[in-house]
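Okay, structure first, notes after.
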Amino acid sequence: MDRKTFLTFISPSVAMMLLLMVFPLVTAIWLGFQFITFRNLDAPQWVGLANYTEVLTDSAFWEALRFTLFYIVITVPSQIIIGFLVALLLDQVHRFRGFYIAASLLPFIVTPVVGTLIFRTMFDRAGLYTYLLNALFDYRLVMNTATVRALIMLHGIWYTTPFAMITLFAGLQTLPQEPMEAATVDGANALQKTWYVIIPHLRSLLVFISLIGIMDAYRVFDSIFVITKQNPLFKADSIMYYNFKMALSFGQIGKANAMAVITVIGVFVVLIPFLITTYRQQMEER
Amino acid sequence: MTRTKSPLTRLVVHVLLLAWVLYSVLPFGWTLLNSFKRPVDANMRIPKIIGFEATSKNYADLWLYMPPEEFAPIGIALLALVAMLVLFALWARRGTASGPTVTLVIVGVLIAAALILPQVANMAPFYSYFLNSVIVTVGTLAISISIACLGGYALARYTGIVGVIILVAALGFRALPRMAFVLPYYYLGQLSGMYDTHILLILILVAVNQPFAIWMLRSFFMEIPREIEEAAMMDGAGRLQSFLRVIIPITWPGIITTSLFTLLLAYNEFLLARILTQTNAATLPVAIAQYTSGEDASYITIAAAASVSISLPIVFVIIFFQKYLIKGLASGAVKG
């Protein structure tokens, strides 16, 4: 395909991305330098770096960042470990495999707000899990900062594990037979085979899932919105949620945009090595 | 892996998998049950799994502003329409009608029926949110997939460095937090009067979906040998013509897969819809969010009915398109 045809074919798509993502991003940077609230939407005032310093010295922002990082550290490894174990189990069976996969996909693809509400209902005052915790372990579930945070993590694992499971299961299907047989001949047990043959085979896939998992966990919003019932007393803001509140509840649009720009920088710190690898890979493959 | 397992091992594996599935879907079953309860039963400290008085009142309250008895004939007419469409689909599969045309006819009739319904029946606001979701999802799907097909195909066939740069930049866009570009839209939308319109939400969803869609479609177009379109072009077809007439039909399964994920993205999106709409263009996730903060005891059952109503289309997607979904999840990951 020549360059001219290529540009003609790609232009609608690139125009969409430039116009609707790059342009607003630039606008966000500009808005970050302004003092804007709902009252002066049409007459913003230039305040320089004031919004940025305000965000960086805002203890609630750091608290939200800390909680988000904690959320990542807990949910991403959990989803990978559980997803891997279930994928190994799935690989052992043929019967009902389609049913197991379809049923466990449900939490992952159902509308997140709805999925979270459905999950939370189990822990409401009249919820099934609340009752079971009480009946089986004599534990009375009360909503406070600790339990709400724990619920958010638990939901995060419930919601994302199916993705890890299905991709790792797909990876297991491409596992070459020879090394496994060689390992059997050498007398390796199941655990050793998993550690020395299966995990190295899935290495790039594990990196990929971790990366997607980290990026998505960094942007966690819907589940916080639903599980905290938008009650600030629970102190479980993620950065995305705190950013949302800054704009829509507090009306600090300038400061909210500065915060958004800072979070973008945070994403790219993690992302740049991956982008470089992809670039090299694509250059080789073309 | 070796599959010479003892029956006992196999039993244990199945039991573990069943436990996992139960953990995944139990909340859905519980909400389904709640949606048929009266508030008094749903709020019992000792949960009632059986022995409550089942009612469909929650669904009627959620969807209708008229007595269910008066709605019954209209409902029956709708069911008859759906039955006719199913028969039409079965008939078309036997004949020579092309898949895309049949799909378009069915989708067209359904959309027409959905738009006419509020004229003949007194529907509750939830229905207008449902319509907004349909409009936003279909609009996003149509625009997003048509331009991403062109783009993905171009990226699959062009080997210049510009192509690689676009691909890598697209990956960067995929990782952008929504907040970074939604606030400027909020600001510009308020100034220009585009705030709370379908088109604004559709356009931004198209943009959000582009990076993913061009990557995925590109991988499907790359599987098609170049010789096929070269043969078509030798026969005198132009680049665009050979693409539309020859390449698109063979890539159809891949396009369906990409469409499914686009559909899910548009239908499920909460943050963008919450910020950019108020009432006129608010979608289902925004509508259900109002039930998430209340402590009112009657909320549980109506929220359950709303949850089930919103989840039902997704359950259909899983049942009918499972093959495509798994293919998409697996291929995107293995190649990505």
Side-chain angles (χ1 to χ4, degrees), chain A residues 1 3 5-6 9-10 12-13 16-17 20-21 24-25 27-28 41 86 89 91-93 100 102-107 109-114 117-119 121-122 126 128 131 166-167 170 208 215 219 221-222 226 229-230 240 243 247 256-257 260 263-264 267 271 275 278-279 282-283 286, chain B residues 1 13 16-17 20-21 24-25 27-28 30-31 42-45 47 147-148 150-151 153-154 157-160 164 166-168 171-173 175 177 179-181 183-185 190 203-204 206-207 210 214 239 264 268 270-271 285 288-289 292-293 307 310-311 314 318 322 329-330 333-334 336:
Chain A
M1 186 183 268
R3 195 188 168 98
T5 329
F6 169 72
F9 271 58
I10 195 90
S13 185
M16 272 308 215
M17 288 191 277
L20 297 168
M21 289 178 102
L25 191 61
T27 314
L41 272 180
V86 180
L89 288 176
D91 197 43
Q92 301 291 316
V93 298
Y100 292 140
S104 48
L105 270 184
L106 200 56
I109 66 173
V110 93
T111 311
V113 180
V114 175
L117 184 61
I118 285 173
F119 185 82
T121 309
M122 300 297 276
L128 184 59
Y131 169 74
I166 195 107
T167 41
F208 169 81
M215 281 184 334
R219 301 188 283 197
F221 175 82
D222 297 10
V226 174
K229 304 187 180 185
Q230 298 114 69
M240 230 20 55
N243 203 342
N257 273 289
T263 52
V264 171
V267 171
L271 201 65
L275 291 182
T278 314
Y279 177 78
Q282 293 296 329
M283 289 301 274
R286 74 202 166 105
Chain B
M1 290 188 76
V13 170
L16 287 173
L17 280 169
W20 162 252
V21 164
S24 297
V25 301
F28 292 92
W30 180 245
T31 290
N43 282 290
M44 288 289 200
R45 286 287 170 109
I147 66 174
L150 287 170
Y153 173 64
R157 289 294 184 257
Y158 181 67
T159 48
V164 178
I166 291 176
L167 278 172
V168 173
L171 263 193
F173 290 149
M179 269 297 171
F181 47 87
L183 288 177
Y185 278 108
Q190 292 276 9
L203 285 178
I204 186 165
V206 168
Q210 267 319 285
I214 55 176
R239 175 65 84 168
L264 288 175
N268 287 347
F270 173 59
L271 177 60
I288 199 173
T292 59
S293 57
S307 301
I310 297 177
S311 309
I314 305 230
I318 300 190
Q322 196 198 356
L329 283 170
V334 174

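Only a predicted model underlies this, so the values are computations on that prediction, with no experimental measurement involved. First the proteins, then the strands, lettered A, B, ... as listed; each starts at 1.
- Counting heavy atoms from C-beta outward, Leu20(A) and Val206(B) have side chains that stay 4.5 Å or more apart.
- Between Thr31(B) and Met122(A) the shortest side-chain heavy-atom distance does not fall below 4.5 Å.
- Listed here is the closest heavy atom pair of Pro285(B) and Val113(A): O-CG1, 4.2 Å.
- Of the two parts of Ile166(A), only the side chain, counted from C-beta on, holds a non-hydrogen atom closer than 4.5 Å to a non-hydrogen atom of chain B.
- Distance CG/Leu17(B) to CD/Gln92(A): 9.5 Å, rounded to 0.5 Å.
- Of the listed residues (Asn268(B), Thr159(B), Leu183(B)), the one with the most heavy-atom contacts under 4.5 Å to chain A is Asn268(B).
- The choice from Val86(A), Thr121(A), Leu271(A), Leu106(A) that makes the most heavy-atom pairs within less than 4.5 Å of chain B is Leu106(A).
- Rounding to the nearest 0.5 angstrom, the gap separating the CD1 atom in Ile118(A) from the CD1 atom in Ile310(B) is 9.0 Å.
- Ranked by non-hydrogen atom pairs under 4.5 Å with chain A, the options Ile147(B), Leu16(B), Leu264(B) are led by Ile147(B).
- Closest heavy-atom contact between Val114(A) and Ser311(B): CG1-OG, 3.5 Å.
- In this structure, the portions of Leu271(B) lying under 4.5 Å from any heavy atom of chain A include both its backbone and its side chain.
- When heavy atoms are compared at a cutoff of 4.5 Å, Leu117(A) approaches chain B solely by way of its side chain, counted from C-beta outward.
- For Phe181(B), there are no ring pair (Phe, Tyr, Trp, His ring centres under 6.0 Å) partners at least two apart in sequence or on another chain.
- Counting heavy-atom pairs closer than 4.5 Å to chain B, the top residue among Asn243(A), Thr263(A), Leu25(A) is Asn243(A).
- Here Ala102(A) pairs with Ile318(B), Gln322(B) under the side chain to side chain contact (heavy atoms under 4.5 Å, CB included) rule; sequence neighbours left out.
- The contact between Met179(B) and chain A is made by backbone and side chain atoms together, counting heavy-atom distances below 4.5 Å.
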Open item on the list: Could you go through Arg239(B) and Phe9(A), starting from their C-alpha distance and side-chain angles, then the distance that decides it, and tell me whether this counts as side chain to side chain contact (heavy atoms under 4.5 Å, CB included)?
Closed with: CA-CA 10 Å; Arg239(B) 175 65 84 168; Phe9(A) 271 58; 3.8 Å; yes
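- Interface residue Tyr185(B): only side-chain heavy atoms are found under 4.5 Å from chain A.
- Per-residue heavy-atom pair counts under 4.5 Å with chain B were compared for Ala260(A), Pro12(A), Pro107(A), Pro112(A), and the maximum is reached by Pro107(A).
- Ring geometry for Tyr158(B) versus Phe6(A): interplanar angle under 30°, hence parallel rather than tilted (30 to 60°).
- Your options are Thr27(A), Val110(A), Val226(A), Leu105(A), and the one with the most heavy-atom pairs under 4.5 Å with chain B is Val110(A).
- For chain B, the nearby part of Met215(A) is the side chain; its heavy atoms alone come within less than 4.5 Å.
- Within the 4.5 angstrom heavy-atom criterion, only side-chain atoms of Leu167(B), from C-beta onward, approach chain A.
- Side chains of Gln282(A) and Leu171(B) form no contact here, defined as non-hydrogen atoms less than 4.5 Å apart.
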- [ ] Check the pair Phe270(B) / Phe221(A) against side chain to side chain contact (heavy atoms under 4.5 Å, CB included), numbers first and verdict last.
- [x] CA-CA 9 Å; Phe270(B) 173 59; Phe221(A) 175 82; 3.6 Å; yes
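- Not a single donor-acceptor pair under 3.5 Å links the side chain of Asn43(B) to the backbone N or O of Ala126(A).
- Proximity to chain B (any heavy atom under 4.5 Å) is restricted, for Val267(A), to the side chain, taken from C-beta onward.
- Per-residue heavy-atom pair counts under 4.5 Å with chain A were compared for Ala148(B), Gly160(B), Gly151(B), Pro177(B), and the maximum is reached by Pro177(B).
- Most heavy-atom pairs under 4.5 Å with chain B, from the set Met240(A), Met283(A), Arg3(A), Gln230(A): that is Arg3(A).
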